[in-house]
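Worksheet for the structure shown next.
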Number of protein chains: 2
Amino acid sequence: MATIRDVARLANVSVATVSNVLNSADRVSPELAGRVRAAMEKLSYTPHAGARSLRKRASGLIGLVVGDITNPFFSDLFEAVEDAAAASGYLVLLCNSNERSEREEAHLRMLRTQRIDGLILAPTGAVSMNRASLLAQLEVPVVLIDRAMEGLGYDAVVLDNRRAGFEATQHLIACGHRRIGLVNGPEVLRTAAERLAGYREALLAAGLPFDPGLVRDAGFREQPAEQAMAELLALPQPPSAVFATNNLMTIGVMKTLADRGLACPRDISMIGIDDLPWAEAVSPQLSAVAQPVRAMGEAALDLLLRRLGGTLQGPGTTTVMAPQLLIRRSCGAPAPGRPAHVD
Amino acid sequence: MATIRDVARLANVSVATVSNVLNSADRVSPELAGRVRAAMEKLSYTPHAGARSLRKRASGLIGLVVGDITNPFFSDLFEAVEDAAAASGYLVLLCNSNERSEREEAHLRMLRTQRIDGLILAPTGAVSMNRASLLAQLEVPVVLIDRAMEGLGYDAVVLDNRRAGFEATQHLIACGHRRIGLVNGPEVLRTAAERLAGYREALLAAGLPFDPGLVRDAGFREQPAEQAMAELLALPQPPSAVFATNNLMTIGVMKTLADRGLACPRDISMIGIDDLPWAEAVSPQLSAVAQPVRAMGEAALDLLLRRLGGTLQGPGTTTVMAPQLLIRRSCGAPAPGRPAHVD
DNA sequence: TCGAAATCTTGAAACGTTTCAACGGGCAAC
DNA sequence: GTTGCCCGTTGAAACGTTTCAAGATTTCGA
């Protein structure tokens with residue numbers, strides 16, 4: 001494979017000149033630049049990223065670590081981040097921790113040996129001390145997404161979880177429901193706690209009682225959500241609507257409904273947080289509170305780039321993004337501007 | 001950040017020795033090795049991948065380029081490849097071309113700059129000459145997945161597409177259908193052509209006529225599939241079942257059905273290629289011909305590693321994987337061992 | 001006890017870049 | 001015609017590793 005020396009030799013210039021046309025093109029005269037570019041073309045020269053990163057002390061790499069790339073939220077996130085990063089000349093290193101913190105830590109180490117310039121992290125579970133120190137050792141800017149980690153001083157981009165919980169619940173109430181099941185994540189996680197708070201707030205605002213028996217912790221996972229939904233249905237007085245606070249649990253809930261032959265909104269209504277790519281492909285089309293994933297990814301990368309560029313300094317900021325209520329047909333209300341669904 | 005020199009200094013040995021404990025641990029005496037490891041620990045030393053790759057002429061990086069990471073097939077594939085690669089000490093660089101060949105080519109250049117050791121490629125669309133030469137310039141082993149590219153001599157891992165088409169169609173026929181719509185990809189792609197061939201073969205085997213009016217090219221994409229399904233429904237004599245040859249088109253078809261308020265299998269039956277994570281969460285649960293994605297990813301990586309290790313030599317081989325028919329409830333046949341679905 | 005062989009350790013070169021100080025030549029000002 | 005400056009170009013050092021030949025030490029057999 002051709003090196004920069006080969007190019008220099010062929011173009012009859014010094015190695016430094018070739019490097020200059022690559023990096024600061026204006027420092028070299030048009031004539032030489034032309035010769036150099038021709039030589040590069042002819043040899044189909046491609047610089048060696050390792051060597052470059054060694055000398056420049058910057059790799060052009062950005063790490064993105066997510067819990068489950070199979071989850072549409074994260075794959076959309078990757079897409080958004082990669083697009084934005086490419087526009088700024090960065091390459092994104094995706095790490096999939098499978099929601100296991102050992103894997104996540106192994107990945108962080110890997111990213112350190114790659115000398116990434118910055119990291120976007122969707123932390124899985126709670127913050128161990130171990131992980132905090134791994135992050136610190138990275139010695140690069142870190143932006144948290146989806147879940148904030150307090151006290152570490154990192155920038156974060158998160159959903160307005162309280163509002164998401166509020167709007168979903170409020171919509172259900174507006175559709176006439178008074179007993180609303182909540183399939184939530186573990187309350188030790190801030191996201192789950194806030195979504196629950198929003199739920200309670202909407203109940204309160206409508207003068208409805210809060211019944212703890214209607215809320216279940218399904219760990220933000222699909223299987224437990226199936227189980228949780230089954231429990232809710234087995235209640236002496238089951239809810240007439242259910243609200244699942246993430247997409248995995250939405251699927252779990254739907255599975256249980258499908259198993260029982262129950263249809264929305266005929267038998268029970270439902271709404272979830274996170275839109276799903278196939279939400280409009282099922283009958284009835286699924287209402288949801290969507291996260292602005294793309295915008296979140298872009299915001300995170302923007303924060304990171306500003307830290308890298310030095311434009312942004314000081315303690316970490318938290319960017320809160322507004323959820324978006326998508327009214328479709330799973331809660332009994334007609335979608336705006338469309339005739340009601342006839343069963 | 002600590003370098004190998006710092007470690008050497010602290011452990012009071014030479015740089016070469018430190019390198020030896022890192023690479024060929026048995027070449028160094030237990031005592032020194034202990035000192036060195038302690039020093040590394042104390043300095044929390046992490047090697048510099050760039051420098052290493054520069055010297056070793058091997059980066060430990062494997063490229064994976066896919067058309068759409070948002071597609072469950074590809075995100076599952078990434079997961080499988082990453083798991084297997086991690087087990088062999090490789091890091092996977094994921095590139096998402098968004099099904100645009102310019103992006104794909106940009107990515108290939110990027111990967112060359114990174115000096116990847118090998119590439120797994122799910123080619124988008126047809127093979128341009130341009131891309132063939134980019135691949136050649138990589139100068140590393142390449143394994144194709146999902147779609148083979150003939151004449152380039154690369155290893156490939158593909159589904160037995162003919163059989164997938166055959167089994168899906170046969171199942172529909174077994175459920176009593178005689179007019180079966182086919183929402184297919186463009187026949188210029190081998191995968192689409194073969195799936196069509198399987199469809200025709202099943203028809204033939206059952207003594208049913210082949211009606212070209214029942215097959216549509218929806219470009220393997222969702223939107224066109226919606227349209228195609230609408231056309232099929234508008235036929236004077238619409239099909240009683242439809243077979244979509246990938247997951248995106250399955251969603252498109254379902255959307256059209258949902259829009260029309262049509263249910264499976266009550267109003268029309270359907271089956272798709274590619275299983276979907278939520279196939280069991282919808283009513284009725286969706287039958288499908290699944291690709292063994294994990295096994296395919298592992299096979300591809302295995303091929304790659306064997307090329308890298310020199311165990312595998314000579315012209316490229318093609319590994320054909322068997323599809324798996326998942327009978328659920330969207331075609332009217334009762335799932336085995338379960339009572340029929342009552343509507 | 002000596003020499004040879006085996007084992008461990010190390011200095012130095014090399015990998016492909018970027019960067020920086022220094023150089024040379026042309027040109028304007030005096 | 002000299003001085004000084006600016007601009008484009010370059011040689012060489014440095015980045016953090018691995019590798020290899022050679023040096024040092026130990027082991028063993030004769």
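In what follows, every chain begins at residue 1, and chains take the letters A, B, ... in the order their sequences are listed. We use all heavy atoms of the structure for the numbers below, so side chains are in, but hydrogens, waters and symmetry mates are not.
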First of B:Val15 and A:Val15 reached from the 5' end of DNA chain C, by closest nucleotide: B:Val15
message: Regarding D:dT18, can its base be found pairing with the side chain of B:Arg55 as donor and acceptor, where the two atoms are less than 3.5 Å apart?
response: yes
B:Asp83 with A:Arg103: basic N within carboxylate O range, under 4.0 Å: yes
field: N/O donor-acceptor pair, side chain A:Arg52 with base C:dT17, under 3.5 angstrom
entry: no
Working for salt bridge (charged side-chain N to carboxylate O under 4.0 Å, His left out), residues B:Arg35 and B:Glu31: CA-CA 6 Å; B:Arg35 286 222 310 269; B:Glu31 193 220 333; 3.2 Å; yes
query: Of all the nucleotides listed (C:dT9, D:dG8, D:dA14), which has the minimum atom distance to the side chain of B:Thr17?
result: C:dT9
field: Validation row: A:Val81, A:Glu298 side chains within 4.5 angstrom (heavy atoms)
entry: no
Distance below 4.0 Å between B:Ser29 side-chain N/O and C:dT7 OP1 or OP2: no
field: Closest to the A:Val28 side chain, choosing from C:dG16, C:dC20, D:dT9
entry: D:dT9
query: Which part of the nucleic acid, if any, lies within reach of A:Thr113 when heavy atoms closer than 4.0 Å are counted: base, sugar-phosphate only, or nothing?
result: nothing
message: Please report the interatomic distance CD(A:Glu105) to CZ(A:Arg131), rounded to the nearest 0.5 Å.
response: 6.5 Å
message: Measuring from the side chain of B:Lys56 (C-beta onward, heavy atoms only), which nucleotide among D:dT17, C:dG16, D:dT19 has the closest atom?
response: D:dT19
- prompt: B:Ile4 CD1 to D:dG16 P: how many Å, rounded?
  reply: 11 Å
message: Does D:dT18 have its OP1 or OP2 closer than 4.0 Å to a side-chain nitrogen or oxygen of B:Ser19?
response: yes
field: Short side-chain to backbone donor-acceptor contact, B:Asp117 and B:Gly60, under 3.5 Å
entry: yes
query: Sub-3.5 Å donor-acceptor pair from the side chain of A:Ser59 to the main-chain atoms of A:Arg115, do we have one?
result: yes
query: Looking for any heavy atom pair under 4.0 Å, which part of the strands does B:Asn20 touch: base, sugar-phosphate only, or nothing?
result: base
- prompt: Through what angle, rounded to 10 degrees, does the axis of the helix from C:dT1-D:dA30 to C:dC30-D:dG1 turn between its ends, using five pairs per end?
  reply: 50°
- request: Starting at atom CZ of B:Arg57, determine the distance to atom C1' of C:dG16, rounded to an integer number of angstrom.
  value: 9 Å
message: With a cut-off of less than 4.0 Å, is there a side-chain N or O of B:Arg27 near OP1 or OP2 of D:dT19?
response: no
